[in-house]
Amino acid sequence: MLWLLVAALAVRQVAVVLRQPPGERLIDLETWIGDNGVLHVTGSLYDTDRFTGTPFSGLVLKPLTRTAEQSLGVAWTFGSLLLVAALGLVAARALPGPVGRRTALLAAPVAISLLMLSLPVRNAFHLGQVSILPVLLVLVGLFAVRGERTAGALIGVAAALQPTVLLFALLLWLTGRRRSALTAAGAFAACTALAWAAMPHDSWTYWVHHVAGAGLGDQADSLANQSLHGALLRLGLAGPPEIALFLALAAAVGVIGLRRAVRYARDGQLLLAVAVTGCVAVAVSPTAWQHQLLWVLLAVVGRAGRSASDRLVWPAVVVLVTTLPGAMLLPNIGAVFPVRDNVLLLAALGAACVTPFLPRTSPYWRKPVPTAYARPVPARWSRVPLLPVWRRVLSRPNLLLELLLIRVVYSAYGHVRLAATAGRDTAERHGHQIHSLEQWLHIDIEHRINHAAAGIGPLRSFFDYYYSTFHFVVPLAILAVLYVRRPADYRWARSTLGFATLLALVGFWLFPLAPPRLMPGLGFIDTVHGVQDFTKPDYGALTAVTNQYAAMPSLHFGWSLWCGVIIVLLAPKVWMKALGVLHPLFTVSAIVATANHWVLDAVGGAAVVALGFLIAYVLAGPRRLQPVQGDAGTETGQRGAGTVKRPRTPSSGGSSPLQHPSGAPAPPPERLTAPAPTRPPTA
């Protein structure tokens with residue numbers, strides 16, 4: 001199945017590239033070797049800023065200028081696919097041992113799939129760049145060939161194409177492979193000298209005038225430049241102070257990163273050492289464009305975290321950062337712009353200098369501290385839960401990963417919601433159908449309530465404010481409180497909300513519906529957005545921002561109903577439960593009074609929330625958990641939902657059960673989980 005996914009991704013990538021018009025595909029390649037490309041023009045390669053490669057890369061590309069445009073595009077795309085496949089295969093075989101049978105079976109297709117989906121590879125395909133080749137040459141030289149000189153020669157050629165790759169010669173020297181290091185330096189010097197002899201003026205321009213290519217291509221402060229130099233320029237620094245600070249930071253990152261890389265190489269994690277060195281090269285380079293950042297994805301092989309629940313945090317962060325744009329990872333808030341604009345650089349710095357990767361000698365390398373799972377209450381019906389594979393975890397999830405996933409899911413929700421539209425005519429036709437059905441049911445109260453609320457100033461302001469504000473504030477506040485005080489209930493509540501939201505997306509896609517305020521001729525007053533001009537095809541203040549026809553089901557009411565149910569179930573005080581009941585009542589009044597939803601939209605919102613709770617029940621069983629008998633060495637894991645207790649994990653202070661009296665680390669305990677349920681779950 002994974003190899004089928006690889007094939008599908010490859011076909012999709014080829015189709016995306018070749019379906020583009022000739023002027024919009026392989027942009028950089030066309031500017032180099034096209035009919036009016038840089039390599040066709042007599043004179044310097046660097047008379048314009050379109051060519052950013054080394055003189056040696058220009059020398060390599062020269063023979064391609066006689067290739068027909070159409071055949072070149074096809075051959076280049078398929079050749080790039082082969083390079084990606086080879087890179088994935090080499091990386092999969094380079095995993096530090098011992099490697100289990102399942103890992104060995106799945107590593108290659110997973111690696112190739114991640115490479116296909118990553119931003120650097122997609123960017124390289126779109127632009128027609130050669131940035132995949134240096135990475136492949138380094139990995140082949142270190143993992144796939146025999147002989148010190150052959151490995152060094154391949155790394156030297158890679159450095160001639162991308163100068164910062166020369167850092168790998170230093171890694172070889174520091175790890176005792178001095179013959180390979182000298183060969184790499186010699187091969188780099190030979191390739192550079194060959195290009196200098198063939199193109200002396202271009203070589204002088206690149207190496208001396210532009211200082212190894214600095215200043216070529218796009219502006220150095222553009223978002224595409226994910227190096228320390230680009231980040232400092234984006235922060236407003238310039239001139240000699242910026243250069244001095246960049247050199248100081250680059251030296252510090254280089255020393256710290258290379259020391260870590262040497263340590264991991266000597267520990268038997270050579271692939272991780274390669275990834276760390278590549279991340280150092282990204283950070284210290286004057287320009288590190290997006291298509292040159294494949295090293296960051298290779299850092300996914302590092303193992304960080306002693307517990308099994310934390311082991312996937314680093315790989316998930318790396319995959320999200322290297323496959324999704326920064327706008328999907330962080331909200332559009334000015335305070336987080338420095339992080340959002342430099343997210344790839346921060347991931348590279350984290351891999352190079354900060355992330356505490358485990359050594360292979362650690363007792364947690366192969367056997368992390370197992371996750372404590374709760375014991376669910378038996379289901380009321382013998383055949384429910386039907387799929388008891390969703391085991392309830394007692395501990396709270398990693399906060400960084402949780403916030404990142406919530407943001408990614410919400411961003412995907414926003415994109416799907418915006419795309420789920422069938423046009424104004426269809427939405428208005430569905431609106432007339434809903435209105436007619438409500439008239440038949442005698443629940444068409446929207447017009448009367450809307451005009452009554454619009455005529456009372458304070459009431460109109462209250463409903464407008466409630467509609468605009470509490471929709472997000474209350475669910476986020478509930479999730480935050482549950483995360484801190486009730487971690488087991490947090491996971492359950494978050495899952496029910498996620499299921500309800502996904503079901504609502506299906507409704508938006510299948511049944512686009514115009515809300516009352518966007519129905520011409522019915523006389524509704526849009527109290528929140530103002531008067532709509534129905535004579536324009538795209539009327540409405542927010543039409544260009546979000547899908548105005550995503551009305552059925554109403555997530556305003558659905559989320560508020562979810563909030564009410566959670567508060568009634570979990571709040572310890574009666575007055576809190578009363579507020580939980582009032583919130584959905586106020587919300588349904590607000591969505592009707594402001595003419596943003598029909599009454600049946602609220603019914604649809606209630607339906608998806610009920611289905612969300614039902615799906616969670618089917619997967620994980622009832623919310624309540626079985627009490628676990630413990631001793632003085634346990635601590636309560638959940639309050640109010642049974643007396644679930646979990647073992648304490650060792651802390652940094654005092655004596656630890658994971659340490660022998662002599663001070664040497666002991667293997668982790670074999671079992672820290674709660675007792676197994678009476679009826680074992682089926683596969």
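Starting from 1, each residue takes its place in the sequence as its number. Given the structure is predicted, the values throughout are model-derived calculations rather than measurements.
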Engineer: Closest approach of V282 and Q292, non-hydrogen atoms and distance?
Structural biologist: CG2-O, 4.1 Å
Engineer: Take R311 and L358 through the test side chain to side chain contact (heavy atoms under 4.5 Å, CB included) and record every step on the way to the result.
Structural biologist: CA-CA 10 Å; R311 183 59 59 84; L358 291 174; 3.5 Å; yes
Engineer: Taking the side chain from Y483 and the backbone from R491, do they hold a donor-acceptor pair closer than 3.5 Å?
Structural biologist: no
Engineer: Which distance, rounded to the nearest 0.5 Å, do you find between the CG of L81 and the CG of L115?
Structural biologist: 11.5 Å
Engineer: Could you report the tightest heavy-atom contact between A273 and A261, atom names first, then the distance?
Structural biologist: CB-O, 3.2 Å
Engineer: For residues 82-110, which residue pairs qualify under ring pair (Phe, Tyr, Trp, His ring centres under 6.0 Å), counting only residues two or more places apart or in two chains?
Structural biologist: none
Engineer: Apply side chain to side chain contact (heavy atoms under 4.5 Å, CB included) to residues L154 and V145 and explain how you reach the verdict.
Structural biologist: CA-CA 10 Å; L154 290 175; V145 299; 4.1 Å; yes
Engineer: For residues T287 and W289, determine if any side-chain heavy atom of one lies less than 4.5 Å from a side-chain heavy atom of the other.
Structural biologist: yes
Engineer: Enumerate the ring pair (Phe, Tyr, Trp, His ring centres under 6.0 Å) contacts for residues 88-110, please, sequence neighbours excluded, ordered by first and then second residue.
Structural biologist: none
Engineer: State, to 0.1 Å, how close S180 and A151 come at their nearest heavy-atom pair, and which atoms those are.
Structural biologist: OG-CB, 4.4 Å
Engineer: Answer yes if the ring centres of W295 and F168 are under 6.0 angstrom apart, and no otherwise.
Structural biologist: yes
Engineer: Are the side chain of N398 and the backbone of L400 linked by a donor-acceptor contact shorter than 3.5 Å?
Structural biologist: yes
Engineer: Between L105 and L2, is there a side-chain heavy-atom distance shorter than 4.5 Å?
Structural biologist: no
Engineer: Can you check whether V262's main-chain N or O pairs, donor with acceptor, with T175's side chain at less than 3.5 Å?
Structural biologist: no
Engineer: Within the distance-only criterion (no hydrogens, no angle test), does the side chain of R340 pair as donor or acceptor with the backbone N or O of A327 below 3.5 angstrom?
Structural biologist: no
Engineer: Quick one: closest heavy-atom pair of P325 and L119, and the distance?
Structural biologist: N-CD1, 4.1 Å
Engineer: Supply the atom-to-atom distance M199 CE to T205 OG1, rounded to the nearest 0.5 angstrom.
Structural biologist: 11.0 Å
Engineer: Is the side chain of R260 donor-acceptor paired with the backbone N or O of T355 at a distance under 3.5 Å, no angle test?
Structural biologist: yes
Engineer: Could you check L139 against L298 for side chain to side chain contact (heavy atoms under 4.5 Å, CB included), going step by step and ending with a plain yes or no?
Structural biologist: CA-CA 11 Å; L139 264 64; L298 294 180; 4.1 Å; yes
Engineer: Is any side-chain heavy atom of L294 less than 4.5 Å from a side-chain heavy atom of S118?
Structural biologist: yes
Engineer: Using modelled atom types and a 3.5 Å cut-off, is there a donor and acceptor pairing between side-chain atoms of W196 and backbone atoms of C191?
Structural biologist: no
Engineer: If we only count heavy atoms from C-beta on, is the V253 to C353 side-chain gap below 4.5 Å?
Structural biologist: yes
Engineer: Give me each pair satisfying side chain to side chain donor-acceptor pair (under 3.5 Å) with a member in residues 400-412, each pair once, sequence neighbours excluded.
Structural biologist: E402-Y490, E402-R494
Engineer: Taking the side chain as every heavy atom from C-beta outward, state whether V343 and L330 have any atom pair closer than 4.5 Å.
Structural biologist: no
Engineer: Does S227 use its side chain to pair, donor to acceptor, with the backbone of V284 at less than 3.5 Å?
Structural biologist: no
Engineer: Report the distance from atom CG of L479 to atom CD1 of I406, rounding to the nearest 0.5 Å.
Structural biologist: 6.0 Å
Engineer: Output a table of donor-acceptor pairs, distance under 3.5 Å, between side-chain atoms of residues 228-248 and any protein atom two or more places apart or on a different chain; print 'none' if there are none.
Structural biologist:
unit_1: H229; atom_1: ND1; unit_2: E242; atom_2: OE2; d: 2.7
unit_1: R234; atom_1: NE; unit_2: N342; atom_2: OD1; d: 3.2
unit_1: R234; atom_1: NH1; unit_2: S222; atom_2: O; d: 2.5
unit_1: R234; atom_1: NH1; unit_2: N225; atom_2: O; d: 3.0
unit_1: R234; atom_1: NH2; unit_2: N225; atom_2: O; d: 3.1
unit_1: R234; atom_1: NH2; unit_2: N342; atom_2: OD1; d: 2.5

Engineer: Do you know the tightest heavy-atom contact between A308 and P368?
Structural biologist: N-CB, 3.6 Å
Engineer: If you compare all heavy atoms of V138 against all heavy atoms of A158, which two are closest, and at what distance to 0.1 Å?
Structural biologist: CG2-CB, 4.1 Å
Engineer: Would you give the length of the straight line joining atom CD1 of I256 to atom CG of L349, rounded to the nearest 0.5 angstrom?
Structural biologist: 10.0 Å
Engineer: Tell me whether R122 at atom CZ has more than 12 heavy atoms from other residues, nucleotides or ligands lying less than 6.0 Å away.
Structural biologist: yes
Engineer: By the ring pair (Phe, Tyr, Trp, His ring centres under 6.0 Å) test, which pairs, at least two apart or in different chains, include something from residues 258-286?
Structural biologist: Y264-F357
Engineer: Under 4.5 Å between any side-chain heavy atoms of P55 and W207, yes or no?
Structural biologist: yes
Engineer: Can you tell me how far apart CZ (R360) and CZ (R266) are? Round to the nearest 0.5 Å.
Structural biologist: 15.5 Å
Engineer: Heavy-atom count check: over 12 atoms from other residues, nucleotides or ligands less than 6.0 Å from R263 CZ?
Structural biologist: yes
Engineer: Could you check L171 against V276 for side chain to side chain contact (heavy atoms under 4.5 Å, CB included), going step by step and ending with a plain yes or no?
Structural biologist: CA-CA 10 Å; L171 175 65; V276 170; over 6 Å; no
Engineer: Side chains of L83 and L87: closer than 4.5 Å at any heavy-atom pair?
Structural biologist: no
Engineer: Does R177 have any salt bridge (charged side-chain N to carboxylate O under 4.0 Å, His left out) partners at least two apart in sequence or in another chain, and if so, which?
Structural biologist: E148
Engineer: What I'd like to find out is whether the side chain of L172 reaches to under 4.5 Å of the side chain of R178, using heavy atoms alone.
Structural biologist: no
Engineer: From D341 CG over to D221 CG, what is the distance, rounded to the nearest 0.5 angstrom?
Structural biologist: 11.0 Å
Engineer: Is a donor on one side and an acceptor on the other found under 3.5 Å between the side chain of S362 and the backbone of P359?
Structural biologist: no
Engineer: So, is the end of the R303 side chain (NZ or CZ) under 6.0 Å from the ring centre of W365 and within 45° of the ring's axis?
Structural biologist: yes
